Each structure stands twice: as C-alpha cells, then as structure tokens.
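Below, all heavy atoms of this structure are taken into account, side chains as well, without hydrogens, waters or symmetry copies. Being a predicted model, the structure only gives us computed values, none of them experimental. The chains referred to below are lettered A, B, ... by the order of the sequence lines, with proteins before strands, and numbering in each begins at 1.
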Number of protein chains: 2
Amino acid sequence: MARWEPNARERLAASALDLFVERGYEGTTAAEIATRAGLAKSTFFRHFTDKREVLFSGGELLSDAFVTAIEKCPPGTTPLGVLHAALEAASFPFNPDRRDWVVKRQTVIAANTELLERELLKQAAITEAMTTALQKRGLDPRVAAVTAELGNLAFRAAFTRWTAPTNTRDFADLAHEELTASAKAATTLT
Amino acid sequence: MARWEPNARERLAASALDLFVERGYEGTTAAEIATRAGLAKSTFFRHFTDKREVLFSGGELLSDAFVTAIEKCPPGTTPLGVLHAALEAASFPFNPDRRDWVVKRQTVIAANTELLERELLKQAAITEAMTTALQKRGLDPRVAAVTAELGNLAFRAAFTRWTAPTNTRDFADLAHEELTASAKAATTLT
DNA sequence: TACGGTGATGAGACCAAGTCCCATCACAGG
DNA sequence: CCTGTGATGGGACTTGGTCTCATCACCGTA
C-alpha cells in the first residue's frame with residue numbers, strides 16, 4: 001500500500017493545523033498547506049474534499065463509537081444509562097496526550113464561522129445517528145430524539161470543561177457529570 | 001432611499017429561489033441570479049455576503065421573536081411556560097400564504113449540504129440567543145441550555161409536520177403539541 | 001535484470017465564488 | 001440647472017475546487 005512518504009494524509013493535516021495557527025484559517029491557502037507537506041495542491045484535494053475537511057477527518061470514529069456503544073447496551077437499559085455508556089465510549093479521543101492538539105484545533109475552529117458550520121454539521125450527523133440507534137432499541141422516536149439531543153448537549157459541555165486551561169479531570173468523568181446534571185435539569189422545567 | 005426598481009434585495013431572493021428550484025443550488029450561478037433579477041453579479045454580493053445567504057435573509061426576525069418573547073414573560077414563569085410563549089411568538093412566518101414559499105425553500109435546503117450547514121448555524125445562533133435570554137431571567141445556565149435545546153427540538157419537529165403535504169394544522173398548534181410531548185419525553189429518561 | 005502493471009502524485013487548464021476598485025448613473029435638493 | 005450621494009455596472013484579481021493527462025515509484029514476475 002504505502003509508498004514514498006507514506007503519511008500524506010497525516011502530513012497534510014498536521015501542516016494545515018500548523019499554518020492555521022500561524023496565519024489563521026482564511027490566511028492560509030490550500031496550496032500552501034500542500035507545499036508545506038511536500039505535496040501539490042491537487043494532491044491535497046485528492047485526500048480532502050474540502051479545505052475545511054482537513055480539520056475533521058477521523059470524525060466518523062466518534063460517531064461510530066457512539067452508535068456501537070448504544071447498540072451494545074443490554075436490552076432494557078434506561079435511555080440515560082445508554083447515554084452514559086455512549087459518552088464513555090466516545091471519550092477515547094480525549095486523553096492527556098492529545099490535549100494540545102485538540103485545544104489547538106478547537107481554537108482554530110472557534111475563530112472561523114465556516115469551520116463552525118462544518119462542526120455543527122458533524123455534530124448534527126452524530127446526533128441523528130444516535131437518534132436512529134436509539135429508535136432501533138425500541139424507543140419512542142420522540143424519546144430517542146430528546147435523548148440524543150441531551151447527549152449532544154452533555155458532550156459539548158464536557159468538552160468545553162475538558163479543554164479549559166485549568167482542567168485536570170478525565171473527559172469521561174466530566175461527561176458523566178454533565179449528563180447527570182443535564183438530565184436532572186430536564187426534570188425541573190415545569 | 002429607494003431608487004430605480006426599489007426591490008433589488010427581494011428580487012434577488014425571488015430569482016434565486018426560482019433558479020434553485022429549476023436547476024438546483026449548485027447548478028445555479030450567482031451571476032445568473034443577478035441577471036434574472038436585472039442586476040449584476042457585483043450587486044448580488046453587495047446585498048448578500050454569500051450565495052447561500054440569499055436563502056436566509058430575514059432570519060434575524062425569527063431570532064428576535066424568540067428572544068423578545070422570552071424577555072416579555074412575567075417573572076416566575078416556568079421554563080416550559082416561557083418556551084410555549086416563545087414558540088407562539090415565532091410562529092408568524094408560518095401562515096398559509098407563505099407555505100408554498102417555505103416548502104420550496106426547505107426543499108432546496110434539504111437537497112444541499114452547504115445549505116444545511118448554514119441552516120444549522122442559524123439554528124445554533126437562535127438556540128444560543130435563547131439560552132442567554134433564559135439565563136437573564138435568572139435560570140441556572142444548565143437549565144437554560146436544556147430548555148433552549150428542547151425548544152429548538154420542538155420547533156424543528158413542528159416545522160417538519162407543518163410542511164408535510166397533508167398538514168392542515170396551525171404551526172403554533174403543532175409547536176405547542178411537540179413541546180409538550182418533548183418535555184414529557186424528557187421526564188421518562190431514567 | 002528487465003519489464004509491465006498499479007496506484008499515488010504533479011502540472012496545469014478551467015470554472016465559479018467572493019473581493020475590490022473605479023466609473024457611471026439616477027435621483028435629491030438647492 | 002448644478003452638484004452631491006448612494007446604488008449600480010464592469011471588470012480585474014485571488015482562491016477554492018474539479019478534471020484530465022502525464023509521470024513516477026514500487027511491486028511482482030519472467
């Protein structure tokens with residue numbers, strides 16, 4: 001399979017993040033990213049459909065983790081229980097080693113609307129996948145939708161806390177905490 | 001203020017939707033939209049920052065309706081009560097006269113990922129605005145977030161039902177129904 | 001060692017989105 | 001009738017993204 005320098009895709013992603021941090025997303029050209037990675041512009045677009053997408057590759061892994069975790073829950077598990085399991089399974093990208101990279105990436109995304117749009121799309125896709133997976137467990141469609149949305153909310157909250165400069169806690173930890181809090185909040189609406 | 005043909009913006013929006021329906025979003029050029037509206041490409045981009053944006057102008061009205069409705073609720077109103085009022089106030093764009101236009105627009109959006117992204121961004125902005133407005137009422141941040149998210153969910157569900165071919169019911173009606181159902185679902189998670 | 005197949009790459013033409021600048025034109029008021 | 005102002009037109013320019021064709025590195029095989 002691998003020939004020449006075998007890591008074209010990874011090199012592109014790394015160069016891209018570096019350049020985005022240095023010059024900003026809009027100040028960086030796809031051709032420049034490719035050049036820094038020792039490749040050509042056409043090669044960049046062979047690996048990524050978009051200039052944006054270079055920051056989002058590997059996102060399917062997260063979605064898959066959510067979905068398969070949901071599927072693996074024993075039948076009869078409560079929706080909230082399923083959600084806890086799913087968040088647990090989706091914690092793998094967030095370990096201390098990857099923190100620097102994750103924070104850099106998130107800083108770049110937060111600074112650019114185009115990238116925010118893309119992120120929202122990915123999140124929506126995940127939420128939809130979770131909804132479907134929950135429905136397959138026999139949940140009422142509306143309950144499934146509310147559950148997935150709550151999971152998404154808890155995930156984002158946990159992520160925000162995990163990336164905070166002072167944080168030392170585990171992602172899964174924070175996720176469970178946020179989920180519990182959100183679920184409790186959901187019962188105090190009336 | 002208004003000179004020549006005074007409705008440039010509206011003409012552009014109308015021409016755009018027509019063309020998008022005829023040839024699809026990607027099959028339509030910004031220059032073509034402008035030409036059909038009797039204007040030039042440069043004028044198009046003077047009125048809309050984006051080719052996408054031509055389908056989303058007026059969206060601030062919706063956000064404003066949500067927020068001001070939340071602000072106008074008497075203190076002590078329950079979060080769910082506030083949400084009902086907000087959805088009621090945000091029903092104005094959805095009357096029988098505008099149905100055709102709304103359905104056309106939504107069909108175009110649903111067929112194109114770029115447009116979906118933009119719509120998600122707008123929805124996220126509205127949800128965030130609602131969260132802030134709810135927090136200003138003294139709600140706990142987490143409760144505010146959950147409430148806003150639930151409102152968003154109910155809104156989308158109501159919208160889907162309202163645009164369904166067989167629907168004859170009022171949007172506000174559907175929204176109240178969806179919200180009640182979602183809120184109830186949120187209490188059955190454990 | 002020579003050879004052909006395969007898959008990744010490079011080069012460059014090409015189109016459309018979006019920016020920018022400057023000229024122009026319609027209208028208002030004096 | 002003249003002049004200022006704001007909306008428009010036109011066109012040059014950059015960049016994202018697509019596409020095609022040639023090239024090159026490596027593989028297995030003779």
Side-chain angles (χ1 to χ4, degrees), chain A residues 1-57 108-109 111-119 121-122, chain B residues 1-57 108-109 111-119 121-122:
Chain A
M1 311 290 136
R3 319 188 175 187
W4 301 278
E5 305 296 331
N7 305 318
R9 196 186 181 86
E10 288 70 19
R11 263 156 50 217
L12 285 167
S15 308
L17 186 54
D18 286 348
L19 284 168
F20 293 164
V21 170
E22 288 176 23
R23 318 182 191 173
Y25 174 78
E26 306 212 317
T28 305
T29 283
E32 291 173 341
I33 299 172
T35 302
R36 173 168 301 202
L39 296 168
K41 175 189 160 193
S42 48
T43 305
F44 177 91
F45 287 108
R46 201 172 288 123
H47 284 279
F48 303 99
T49 59
D50 249 11
K51 183 178 154 194
R52 288 170 245 168
E53 200 61 17
V54 73
L55 280 177
F56 293 90
S57 81
V108 171
I109 292 177
N112 186 279
T113 309
E114 281 184 64
L115 295 172
L116 260 178
E117 280 186 337
R118 180 56 52 87
E119 181 164 76
L121 184 68
K122 302 284 184 184
Chain B
M1 311 292 131
R3 320 189 175 184
W4 301 279
E5 304 297 331
N7 305 318
R9 195 184 181 85
E10 287 70 19
R11 263 155 50 217
L12 284 167
S15 307
L17 186 54
D18 285 350
L19 283 168
F20 292 164
V21 170
E22 289 176 22
R23 318 182 190 172
Y25 174 78
E26 306 211 317
T28 305
T29 281
E32 292 172 340
I33 299 171
T35 302
R36 173 168 302 203
L39 296 168
K41 176 188 161 196
S42 49
T43 304
F44 176 91
F45 286 108
R46 203 172 286 123
H47 284 279
F48 303 99
T49 59
D50 250 10
K51 184 179 154 193
R52 305 184 257 303
E53 200 62 18
V54 72
L55 281 177
F56 292 90
S57 80
V108 171
I109 292 177
N112 186 279
T113 309
E114 280 184 65
L115 294 173
L116 259 178
E117 281 186 336
R118 179 57 52 88
E119 180 164 78
L121 184 68
K122 302 285 183 182

Rounded to whole Å, the CD-P distance (B:E117 to C:dA17) equals 16 Å
Rounded to whole Å, CG of B:N7 lies from P of D:dA7 at a distance of 14 Å
| query | Looking only at atom types and distance, does a side-chain atom of B:T43 sit under 3.5 Å from a main-chain N or O of B:L39, one as donor and one as acceptor? | reply | no
*Could A:K51 and A:Y25 be counted as a cation-pi pair, given that NZ or CZ must be under 6.0 Å from the ring centre and within 45° of the axis?*
yes
With B for base contact, S for sugar-phosphate-only contact and - for none (protein heavy atoms under 4.0 Å), nucleotides 11-21 of chain D reads B----SBBB--
| message | Any salt bridge linking A:E32 with A:R23? Criterion: basic side-chain nitrogen under 4.0 Å from a carboxylate oxygen. | response | yes
Would you say a side-chain N or O of B:H47 is under 4.0 Å from OP1 or OP2 of D:dA7?
-> no
(Q) Regarding A:G38, tell me which of base, sugar-phosphate or nothing describes its non-hydrogen contacts under 4.0 Å with the strands shown. (A) sugar-phosphate
Heavy-atom closest pair (B:V54 atom, B:L12 atom, distance to 0.1 Å) is CG2-O, 4.1 Å
Examine distances only and state if a side-chain atom of A:K41 and a backbone atom of A:I33 form a donor-acceptor pair shorter than 3.5 Å.
no
B:E32 CD to C:dC15 P, in whole Å, measures 14 Å
Sorted by chain and number, sequence neighbours left out, salt bridge (charged side-chain N to carboxylate O under 4.0 Å, His left out) with A:E53 holds for A:R118, A:K122
